[in-house]
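Structure record follows, encoded as structure tokens.
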Amino acid sequence: MKSVFFGKKKSTLLLILTGLLLTGILMAIPTGYEDALIYRGSVRAVGRVTETDNSTIITSGLIQSGEQYCKMIIENGKFKGQEIQGVNFLSGSLEQDKIYQPGDRAFVRISCNGDEISSCVMSDHFRLDKELILVAAFAVFLIVLAGKNGVLAVFSFVITVLTIWKILIPSYLKGYSPVWCGIAVTAFLTLVIIFFVYGFDRRTVTAGLGALLGITTTCILGIIFTDLFKIHGAIMPDSESLLYSGFQNLDLTAIFMSSIFVGASGAMMDLSVDITSAVYEVVQKKPGISWKEAAASGMHVGRAAMGTMTTTLLLAYSGSCVTSLMVYMAQGTPMDHILNYKYVAAEVLDTIVGSFGLVTVAPFTALAAGIMLTGCRRKYADIRYCTEDFEESEEEMPGESEDFF
């Protein structure tokens, strides 16, 4: 289809323009939560610490509480160049607290009345410059190795981040159905990302169908077993903070359900693309292959990939709860008790249900690829074989062919 309507260069240009358009649209969409009350009447800036005062910090073992006072030079914004004193509040939490040293750069929130500074609170170490360097290095590395496909992969990454931040998260906060919002966003991202891989091609439809079936399966099983396991969405980090911040009507359990298939969708896309590409290569090498043979080849690839993909999900999810498992082991908790805890059961639910989706992706993608990628190829192959037979007959009777024409 792509080769009929678009040349290779034009198709690549169209994909890049599509990526730019989607990125621009998503960046322009407001979340509705830009003007937070906590930041009104204040200025955000970056300050470089020149001197610290730790005299009011109370230390008890590993725990520190109290306040740390820091003199800083503001590096940007309205008060650029001014030296001010900021306060770093310590709550006694290793997870949340931070200690500054001279030379550190910090994100600060300056409360002011006109040009007069009322107070300055230090939020956290400034890391955006390092993050930008890391992201830029990754993008350059990807583009150098993958060429135009790397450029399209960067667009896929940016569009995914913007879609989650600009559409999915605000939809959850506004109280829309988390499951339906999750399905809509996941389906959109699946089709867009696969489109950037294949462009205008029946492979896009093939891989998209396979991935969406796996996502649908994961969604249904996630809803059923979240209820059967009696898992409440409050097990997610910071979820209770939302309820205490004026969002009491949020359905945290439904948000947890949607997180199951949203989290597993990437692996499903990966598997569906792998199988589709494998079947496509087989059909390219052997145009006369039947759809059953092509589907069987895709299924062989799927069987090999499923073993590693399910393990990938297991490692990804277990990595997020490794400290909890260490606590249980250190306390000598029996294995049956560990598996029965709701936090561990939630990870088991994520892993197994996501694996169910992956197992569904493989056969359906193989079947869809076998049917969709061999339809026109068989006709082309028949014509080519007939042409080759005719050319061979011409070679056997060169004189007759010349007289005939």
Keeping [X] on the side-chain end and [Y] on the backbone end, is there a donor-acceptor pair under 3.5 Å?
X: Ser290; Y: Glu293; result: yes
X: Asp97; Y: Ser93; result: yes
X: Thr226; Y: Ile223; result: no
X: Thr333; Y: Tyr328; result: yes
X: Ser65; Y: Leu90; result: no
X: Asn88; Y: Lys98; result: yes

Original post:
Are the aromatic ring centres of Tyr280 and Tyr198 under 6.0 angstrom apart?
Top reply: no

Subject >> Separation of Tyr69 OH from Ser55 OG (nearest 0.5 Å) >> reply: 8.5 Å

Original post:
Ser258: what forms a side-chain hydrogen bond (donor to acceptor under 3.5 Å, both in side chains) with it, not counting sequence neighbours?
Top reply: Tyr172

**OP:** Classify the angle between the aromatic ring planes of Tyr33 and Phe247 as parallel (below 30°), tilted (30 to 60°) or perpendicular (above 60°).
**Re:** tilted

Original post:
Do the ring planes of Phe126 and Phe107 sit parallel (below 30°), tilted (30 to 60°) or perpendicular (above 60°)?
Top reply: perpendicular

**OP:** Count the heavy atoms of every other residue, nucleotide or ligand shown that sit under 6.0 Å from CD of Glu116, and state whether that count exceeds 12.
**Re:** no

Original post:
Which atom names give the shortest non-hydrogen contact between Pro170 and Ile164, and what distance separates them?
Top reply: CD-O, 4.3 Å

Subject >> Student check: side-chain heavy atoms of Thr365 and Leu213 closer than 4.5 Å >> reply: no

Original post:
Below 4.5 Å, heavy atoms only, C-beta onward: do Ile159 and Thr23 meet side chain to side chain?
Top reply: yes

Subject >> Contacts of Ala305 that satisfy side chain to side chain contact (heavy atoms under 4.5 Å, CB included) - sequence neighbours left out >> reply: Leu271

Subject >> Of Lys71, Gln101, Met122, Arg105, the residue whose pairing with Val49 passes side-chain contact (heavy atoms from CB on, under 4.5 Å) >> reply: Met122

